[in-house]
2 protein chains.
Amino acid sequence: MIKQTRITKQRQVVLEELQKVTTHPTADMVYDMVRKRLPNISLGTVYRNLELLAEQGIIRKLNIDEHKMRFDGNTSNHFHIQCIECGKVDDVSICENIDWLELTQDTGYEITGHRIELFGICPDCRSKQLQDQ
Amino acid sequence: MIKQTRITKQRQVVLEELQKVTTHPTADMVYDMVRKRLPNISLGTVYRNLELLAEQGIIRKLNIDEHKMRFDGNTSNHFHIQCIECGKVDDVSICENIDWLELTQDTGYEITGHRIELFGICPDCRSKQLQDQ
DNA sequence: GTAATTGCAAAAATTTTGCCTCATA
DNA sequence: TATGAGGCAAAATTTTTGCAATTAC
């Protein structure tokens, strides 16, 4: 028997707040965002809902941050780019051209997903660097 | 005055053991490997050395694991592929064909690095799945 | 009414750090 | 011999979990 899931206020607000932004927040940041609407929500509930929504494929977990998990409300195919100066994570929508069939043949793996993450210096930090010189 | 680094037995063995394998071990796994040669080494020392070696670009930190940091003694350009069944991380050497210059123009970022990680089902798990049917 | 979910707090798990001693250069 | 590094253990940080009460269906 499959476990049913219910739509609670908490789950709904966690999802809504995550889908509002493109900042790829950590669980802690989501907690802060959600608390403005539900002051009594607990951090554990935020964690549990993020985990469940990710399992259901409604949101995505990002391993891009060295120390904490980040979450993305946008599940469409896109890449990320993190600024090595300020740490922010932006979206990149490029059409990638890796030949998955060839990869399957080369590796013997059945490829089910991929993650491409870019690192660089964002426009803001680049201009700051120019100013500082 | 730049801080000098010394070549200690511990640092040497951590590096050697990491470079011996292609299994992308966690700090804990490196600790176990190193302890066979240096039974008195402490986990803190392993962490400190892995961190330092990564800073110096001699090894690489991998964010591919959901829960812990993994380390890679191979710093040449290659991708990783993780089996979603058994969790192991293999190397993939493919020649990727992303146009970095175009990306810089599109995003405004100065691209300094990238990470491509693939997920799939490894040959072993694929054949196990066939057997189970 | 039943079972999923919450809030709270304690626990778990990983990583970092302080401090004193040791050893490299 | 000066100072970087190690060992040990405590602390810090992030995430998970047990439990009794609550709520969605």
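Because only heavy atoms are used, hydrogens play no part in the values below, and waters and symmetry mates are left out as well, while side chains stay in. We name chains A, B, ... by the order of the sequence lines, and we start the count at 1 in each one.
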Rounded interatomic separation in angstrom, taking CD from A/Glu51 and P from C/dA4: 18 Å
Does B/Gln4 have a side-chain nitrogen or oxygen under 4.0 Å from the phosphate oxygens OP1 or OP2 of D/dA2? no
Could you measure the distance from the CD1 atom of B/Ile41 to the NZ atom of B/Lys9? Nearest 0.5 Å is fine. 11.0 Å
Base, sugar-phosphate, or nothing: which does A/Asp28 touch, judged by heavy atoms less than 4.0 Å apart? nothing
Does a side-chain heavy-atom distance below 4.5 Å link B/Met33 with B/Pro25? yes
Flag the pair B/Asp65 and B/Lys68 as a salt bridge only when some basic side-chain nitrogen lies within less than 4.0 angstrom of an acidic carboxylate oxygen. no
In Å, rounded to the nearest 0.5 Å, how long is the span from CG of B/Asp32 to OG1 of B/Thr26? 8.0 Å
Quick one: list whatever passes salt bridge (Lys or Arg N to Asp or Glu O under 4.0 Å) with A/Asp28, sequence neighbours left out. none
Between protein and nucleotides 12-14 of chain D, what N or O pairs are separated by less than 3.5 Å?
from: D/dT14; atom 1: OP1; to: A/Lys68; atom 2: NZ; distance (Å): 2.9

Using whole Å, report how far CD of B/Glu55 lies from C1' of C/dT16. 13 Å
Would you say B/Val14 ends up clustered with B/Ile58 if hydrophobic residues are merged whenever their side chains have heavy atoms under 4.5 Å apart, either directly or through other cluster members? yes
Decide, yes or no, whether a salt bridge links B/Lys20 with B/Glu17 under the criterion of side-chain N to carboxylate O below 4.0 Å. yes
Whole-Å gap separating C1' (D/dT17) and CG (A/Asn49): 15 Å
Partners passing salt bridge (Lys or Arg N to Asp or Glu O under 4.0 Å) against B/Glu16 (at least two apart in sequence or in another chain): B/Arg37
Axis-to-axis angle across the helix from C/dG1-D/dC25 to C/dA25-D/dT1, five pairs an end, to 10 degrees? 40°
Taking every heavy atom of A/Val46 against every heavy atom of A/Tyr31, the minimum-distance pair comes out as CG2-CD1, 3.9 Å
Are A/Leu18 and A/Leu62 connected in the hydrophobic side-chain network, where two residues link if heavy atoms are under 4.5 Å apart? no
Can you tell me the distance, in whole Å, between the CG atom of A/Leu50 and the P atom of D/dT17? 15 Å
For B/Arg48, which contact category applies under a 4.0 Å heavy-atom criterion: base, sugar-phosphate, or nothing? base
Counting only heavy atoms and a strict 4.0 angstrom limit, can you tell me which residues of residues 30-45 of chain A come near DNA chain C? A/Asn40, A/Ile41, A/Ser42, A/Thr45
Protein and nucleotides 23-25 of chain D: nitrogen or oxygen contacts under 3.5 angstrom:
from: D/dA24; atom 1: N3; to: A/Arg6; atom 2: NH1; distance (Å): 2.9
from: D/dC25; atom 1: OP1; to: A/Ile7; atom 2: N; distance (Å): 3.2

Same hydrophobic cluster for B/Leu38 and B/Leu43, using side-chain heavy-atom links shorter than 4.5 Å among ILVMFWY? yes
B/Gln10 has an atom CD; how far is it from atom P of C/dC22, in whole Å? 14 Å
Interatomic distance, CG@A/Asn63 vs CE@B/Met69, rounded to 0.5 Å, equals 9.0 Å
Test B/Ile59 against every option in B/Leu53, B/Asp72, B/Val30 by the side-chain contact (heavy atoms from CB on, under 4.5 Å) rule and name the one that passes. B/Leu53
